[in-house]
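Everything below concerns the one structure shown next.
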Amino acid sequence: METSRVQPLGPDLEHTHPRPVHWVATAAAVAAVIAGGSFFQPSDAKATTSTGVSAPRTGSLPAAEAPDPRAADYPMDCGRARPDVIDRGSADLDGDGRPETVAVVRCRTAFGTPPSGVYALSQPAGAGAEPRVVATFVDPKEGMSIRDFAVRGKLVSATLLGYSSAKVPRCCPDLARKVNWRWRDGKFVLKALPVPGSV
């Protein structure tokens, strides 16, 4: 039977020693991300590229081809402000010859670390329209932050940061899990990588 141990992210405090129940909660959150990704995956998730203005992180795609993450309307509530795009990457993730953009976004705040959302975008359906959100990889309602985000080839990877209990300050996540997403059988599939220190 496999046993998991947490990789502490901060100082040696009591809340940085989660018990197995905390990893059950983290597994449930990752499962919710997987379920949410399936729920938000529309039937027309292939990209329909026309024009764009962003320069992809990968450097391998012309800037005019990738959807601009700053122009998208994300399914998250930041009040009257638009979400900040804190990271992005572009590639032809579904193999249709047209690039998608994956964006990490979060609401702006003067303190703490607001939860992040991770969304896949395709080009707008028509001229003058905004890029379409075609998949939700991480919903901000899950309360997670993102680290080590990257788009390489057809693989999107990141580290999900979470909290072992409600007592952990929202500025300082104490749980981490590396994950990746890949297009398979008509949808994006999430894979959770082994917990650091697992035996």
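Remark: Asp84 engages Arg108 in a salt bridge (Lys or Arg N to Asp or Glu O under 4.0 Å) (not counting sequence neighbours).
Interatomic distance, Asp148 CG to Lys178 NZ, rounded to the nearest 0.5 Å: 6.0 Å. Lys191 contributes atom NZ, which lies 8.0 Å from atom CZ of Arg184 (distance to the nearest 0.5 angstrom). For the atom pair CZ (Arg182) and CG (Leu93), the distance works out to 10.0 Å, reported to the nearest 0.5 Å. Atom-to-atom distance recorded for Tyr74:OH and Glu130:CD is 10.0 Å, nearest 0.5 angstrom. Distance check, rounded to the nearest 0.5 Å: OG1 of Thr159 to CG of Leu175 gives 12.5 Å. Interatomic distance, NZ of Lys141 versus CG of Asp139, reported as 5.5 Å (0.5 Å rounding).
Inter-residue side-chain proximity for Pro75 and Tyr119 is flagged as met; some heavy-atom pair is nearer than 4.5 Å. Contact check for Val133 versus Asp73: no side-chain heavy atoms found under the 4.5 Å cut-off. The shortest side-chain heavy-atom distance between Glu100 and Leu121 does not fall under the 4.5 Å cut-off.
In terms of heavy atoms, Gly95 sits closest to Lys154 at CA-NZ, 3.5 Å. Across every non-hydrogen atom of Trp181 and Ala158, the tightest pair is CZ3-CB, 4.1 Å. Considering all non-hydrogen atoms of both residues, Ala176 and Arg147 come closest at CB-NH2, 4.4 Å. Here the closest heavy-atom approach between residue Cys172 and residue Tyr163 is recorded as C-CE2, 3.8 Å. Of all the heavy atoms in Ala66 and Thr101, the pair that sits closest is CB-OG1, 3.7 Å. Here the shortest heavy-atom pairing between Met76 and Pro140 reads CE-CG, 3.8 Å.
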Next item on the list: Please test Val118 against Val102 for side-chain contact (heavy atoms from CB on, under 4.5 Å), starting from the C-alpha separation and ending with a verdict.
Entry: CA-CA 7 Å; Val118 182; Val102 179; 3.7 Å; yes
Notebook entry, point to check: Which is it for Ser116 and Ser145 under the side-chain hydrogen bond (donor to acceptor under 3.5 Å, both in side chains) test, yes or no, and what are the steps along the way?
Noted result: CA-CA 5 Å; Ser116 296; Ser145 299; 5.0 Å; no
Item checked: side-chain contact (heavy atoms from CB on, under 4.5 Å) evaluation trace for Phe149 with Ile86 -> CA-CA 10 Å; Phe149 172 79; Ile86 59 171; over 6 Å; no
Margin query: Would Leu160 and Ile146 count as a side-chain contact (heavy atoms from CB on, under 4.5 Å) here? Give the steps.
Written below: CA-CA 5 Å; Leu160 304 181; Ile146 307 300; 3.6 Å; yes
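Using modelled atom types, one side-chain atom of Asp174 and one backbone atom of Ser164 make a donor-acceptor pair closer than 3.5 Å. In this structure, the side chain of Arg88 does not engage the main chain of Val105 through any donor-acceptor pair within 3.5 Å. Counting only distance, with no hydrogens or angles, the side chain of Arg152 and the backbone of Ser157 share no donor-acceptor pair below 3.5 Å.
At a threshold of 4.0 Å, the pair Arg98-Asp96 counts as salt-bridged, since one of the basic side-chain nitrogens sits closer than that to a carboxylate oxygen.
Counting only residues at least two apart or on different chains, no disulfide bond (SG atoms under 2.5 Å apart) pair has a member in residues 118-159.
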